[in-house]
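No hydrogens, no waters, no symmetry mates; every other heavy atom, side chains included, goes into these values. Lettering follows sequence order; numbering is per chain, from 1.
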Amino acid sequence: MSLLELVGITKSFGAIHALEGVDLEVEAGEVVGLMGDNGAGKSTLMKIVAGNFLPTEGTIRIEGREVEFQKPVDARMAGIEIVYQDLALCDNLSAAANVFLGREEKKRIGPFAFIDHKSIFDRAAKIFAELKSETRPRDLVRQMSGGQRQAVAIARTRLSDPKLVLMDEPTAAISVRQVAEVLALIKRLGDSGHAVILVSHRMPDVFEVCDRVAVLRRGLKVADKSIAETSPEEVTGLITGAIEAA
Amino acid sequence: MKQPAKNPDLHAEIDESIALRQEVTGFGSLLRAQPFWVFLAILAIGVVMTFVSDAFMTERNLFNITRNFAFFGIMALGMSAVICTAGIDLSVGSLLGLCAITLGLTMQSGLGIEMGFLVCMATAAIVGFINGFLIAYLKMAPFVVTLGMLAMARSIAMVLSNNKMIYDFGPDTDLFEWIGGESVLGVPNVVWVLIVMTAIFWIVWRHTTWGRWVIAIGGNAEAAKLSGIPVERMIVSVYMVCSMCTGLAAFMFIGYTGSATNGMGVTYELTVIAASVIGGANLMGGVVYALGAPIGAALMELIRNSLLLAGIPALWQQFFVGLFLILAVLLEQIRNRGGK
Ligand SMILES: Nc1ncnc2c1ncn2[C@@H]1O[C@H](COP(=O)(O)OP(=O)(O)O)[C@@H](O)[C@H]1O
Ligand SMILES: [Mg+2]
């Protein structure tokens with residue numbers, strides 16, 4: 001039984017058919033690359049799995065059970081964490097405040113609950129250290145580099161012990177050194193039994209960390225192959241349409 | 001985006017130089033806070049005024065200044081919350097008039113001060129709910145919704161009052177007028193209310209999830225929503241909080257003036273918004289200071305008072321209020337550019 005099973009996922013925005021009958025399965029501990037040209041529907045698929053949109057048609061199963069995510073919190077409850085392509089951070093808050101946004105740790109004083117700043121800063125510092133990021137919990141996100149912002153977005157997925165982590169272009173805006181760190185993290189996630197879907201434009205990243213690669217073209221899944229059985233040339237051909245399907 | 005792979009060290013260097021910019025704490029964050037600079041301006045004006053007029057530093061004058069700005073300060077605390085979400089509430093002046101009438105009618109009919117207070121706050125809560133609901137759920141522009149409410153609330157106040165003044169507040173008249181108009185330990189009661197409300201807001205902005213979520217919504221509503229924050233419900237609550245601050249100010253204000261008319265609070269929305277902005281609220285959202293509201297209101301009242309004592313014709317008053325408003329925003333922009 002797969003951890004995640006998508007069956008016939010279709011999504012239309014008015015006249016735009018972003019996804020048409022996409023099937024995808026992800027096993028526990030598996031790292032799946034999801035590739036495709038701009039507008040192919042990668043982000044839309046990730047957002048459906050993360051509970052941002054309901055699919056127009058199709059079924060999502062988690063560990064064999066059919067689910068319907070009305071909002072992001074539902075997906076999070078089911079053990080799915082996501083790093084959005086645009087990162088979705090609040091510039092006017094600190095790194096730690098962003099990591100814990102919507103899930104603040106609290107302490108009670110009498111009938112009132114207050115944010116437990118110390119616990120939040122300490123835990124965020126630990127997570128940043130784990131990610132080997134030099135991001136400081138008290139820094140304002142507004143002043144951060146692309147890599148540090150990325151670390152904050154990724155740190156959000158480390159608060160719980162998710163079954164599945166969705167990463168939408170996590171290496172698009174960061175430096176080479178930081179790319180290596182994000183890839184190392186993805187590998188560690190896979191090794192420790194977490195499943196990851198990595199959306200990326202960068203062929204080397206996908207071939208370095210993924211077990212399998214799926215290719216979307218104009219809302220259709222045109223390939224789904226083990227990394228060992230394909231090559232960057234073939235995947236490029238599939239993305240552009242030079243190769244029809246595989 | 002393609003990475004220029006040949007020079008990883010350069011990237012690392014840039015990242016690190018950016019990383020060196022610490023979050024400012026303690027003294028640094030004080031220097032960055034708008035209310036601090038406005039407070040310095042208040043002190044400066046105060047020092048100048050002691051030389052200009054002997055009447056300035058008298059207990060009586062300071063008492064009057066603090067009492068006068070306290071009403072606006074209480075309203076500005078709520079307005080700052082609305083502005084923090086990148087919203088605006090133009091209806092607070094009219095709401096003050098409407099609260100005056102519902103409160104006055106309730107007490108006039110002999111229902112007592114507790115009932116009067118409840119009706120006053122309920123009026124405010126309902127108006128805030130309507131504003132917030134239209135803005136959050138129907139995605140209407142705050143400017144338009146509250147402009148409409150400005151007209152409607154004033155009109156309802158006129159209808160309810162039948163255009164008559166209310167000066168009889170029933171059996172609790174004495175207590176009511178004492179609460180709004182008298183003082184404890186030499187400090188006007190309304191100033192005590194402002195102090196307590198400011199302290200509460202200070203705690204709310206710093207230490208509660210409600211405060212943090214409002215700030216997050218102001219910073220990036222989309223991100224807040226993706227983080228699971230109930231953005232719509234939060235926005236409704238923010239407009240209700242703003243209105244209820246006005247309700248509280250109305251309760252104190254009617255007690256102070258000893259009469260209620262449907263014309264109360266006309267143009268107060270402008271004073272309250274100006275006070276909030278001078279105190280550091282940014283109309284783009286995401287910035288709020290609890291201390292900003294009272295400090296902004298204080299500066300405006302101080303300008304009024306100083307012009308009066310300096311013998312400058314009252315006709316100049318609005319000019320200087322406007323001037324300080326523009327200077328305050330300019331100051332904020334300059335500091336922001338410096339910080340970037
Ligand atoms: N919220 C939306 N409303 C309307 N159209 C959308 C929305 N999100 C995505 N689309 C459209 O769906 C298609 C797929 O977009 P997306 O999933 O972002 O592609 P990718 O991430 O692969 O670049 C595009 O044509 C895009 O314009
Ligand atoms: Mg995308």
Side-chain angles (χ1 to χ4, degrees), chain A residues 47 50-52 71-74 76 82 84 86-98 100-104 106-107 109 112-117 133-148 153 156 169 171-180 201-202 204, chain B residues 1-26 29 32 84 86 200 203-231 234 282 284-288 336 339-340:
Chain A
K47 285 183 173 174
N52 295 113
K71 47 188 188 312
V73 181
D74 298 343
R76 191 188 284 164
I82 179 165
Y84 292 102
D86 51 15
L87 302 184
L89 301 177
C90 293
D91 272 358
N92 57 337
L93 293 178
S94 69
N98 267 284
F100 283 86
L101 191 59
R103 306 186 247 191
E104 286 81 3
K106 280 174 265 184
K107 57 175 185 240
I109 301 177
F112 302 107
F114 297 100
I115 296 174
D116 189 344
H117 296 288
S133 164
E134 71 294 324
T135 307
R136 274 178 301 245
R138 289 165 202 270
D139 287 2
L140 284 182
V141 167
R142 176 175 296 128
Q143 305 161 339
M144 288 186 177
S145 68
Q148 290 173 314
R156 290 181 57 81
E169 312 264 8
T171 56
I174 60 180
S175 71
V176 173
R177 181 179 55 107
Q178 289 163 333
V179 168
H201 267 109
R202 294 166 47 96
Chain B
M1 201 180 91
K2 289 244 162 56
Q3 293 291 339
K6 54 181 188 282
N7 201 345
D9 288 347
L10 181 65
H11 279 273
E13 229 169 74
I14 293 169
D15 290 341
E16 263 144 35
S17 84
I18 294 169
L20 284 177
R21 279 196 208 146
Q22 289 252 19
E23 183 221 33
V24 270
T25 47
S29 76
R32 288 224 170 167
C84 181
I200 291 174
I203 292 170
V204 163
W205 294 129
R206 254 178 206 243
H207 298 294
T208 70
T209 48
W210 188 87
R212 169 142 312 164
W213 291 0
V214 171
I215 295 170
I217 289 169
N220 186 344
E222 197 55 37
K225 177 136 208 141
L226 293 174
S227 302
I229 293 173
V231 173
M234 290 296 298
N282 183 329
M284 305 296 285
V287 183
V288 72
N336 274 351
K340 278 216 165 176

Measuring heavy-atom distances to chain B, does [X] have an atom under 4.5 Å in its side chain, in its backbone, in both, or in neither?
{"X": "A/Phe112", "answer": "neither"}
{"X": "A/Arg103", "answer": "neither"}
{"X": "A/Leu101", "answer": "both"}
{"X": "A/Asn52", "answer": "side chain"}

Pick whichever of A/Glu169, A/Arg156, A/Glu104, A/Arg76 has the most heavy-atom pairs under 4.5 Å with chain B. A/Glu104
Highest number of heavy-atom pairs under 4.5 Å with chain B: which of A/Asp91, A/Val73, A/Thr135, A/Leu89? A/Leu89
With a 4.5 angstrom heavy-atom cut-off, could you sort out which part of B/Ile217 is near chain A: side chain, backbone, both or neither? neither
Max heavy-atom pairs within cutoff under 4.5 Å with chain A, candidates B/Ala216, B/Gly211, B/Gly228, B/Gly285, goes to B/Ala216
Pairwise side-chain contact, [X] with [Y], heavy-atom cut-off 4.5 Å (strictly under):
{"X": "A/Leu93", "Y": "B/Ile215", "result": "yes"}
{"X": "A/Pro72", "Y": "B/Lys225", "result": "no"}
{"X": "A/Phe114", "Y": "B/Arg206", "result": "no"}
{"X": "A/Ile115", "Y": "B/Thr208", "result": "no"}

Only one of A/Lys106, A/Lys107, A/His117 passes side chain to side chain donor-acceptor pair (under 3.5 Å) with B/His207; say which it is. A/His117
State the CZ-OG distance between A/Phe100 and B/Ser227, to the nearest 0.5 angstrom. 12.5 Å
Rounded to the nearest 0.5 Å, what separates atom OG in A/Ser94 from atom CZ in B/Arg212? 6.0 Å
Provide the closest heavy-atom pair for A/Cys90 versus B/Ala223 in the form atom of the first, atom of the second, distance. SG-CB, 4.2 Å
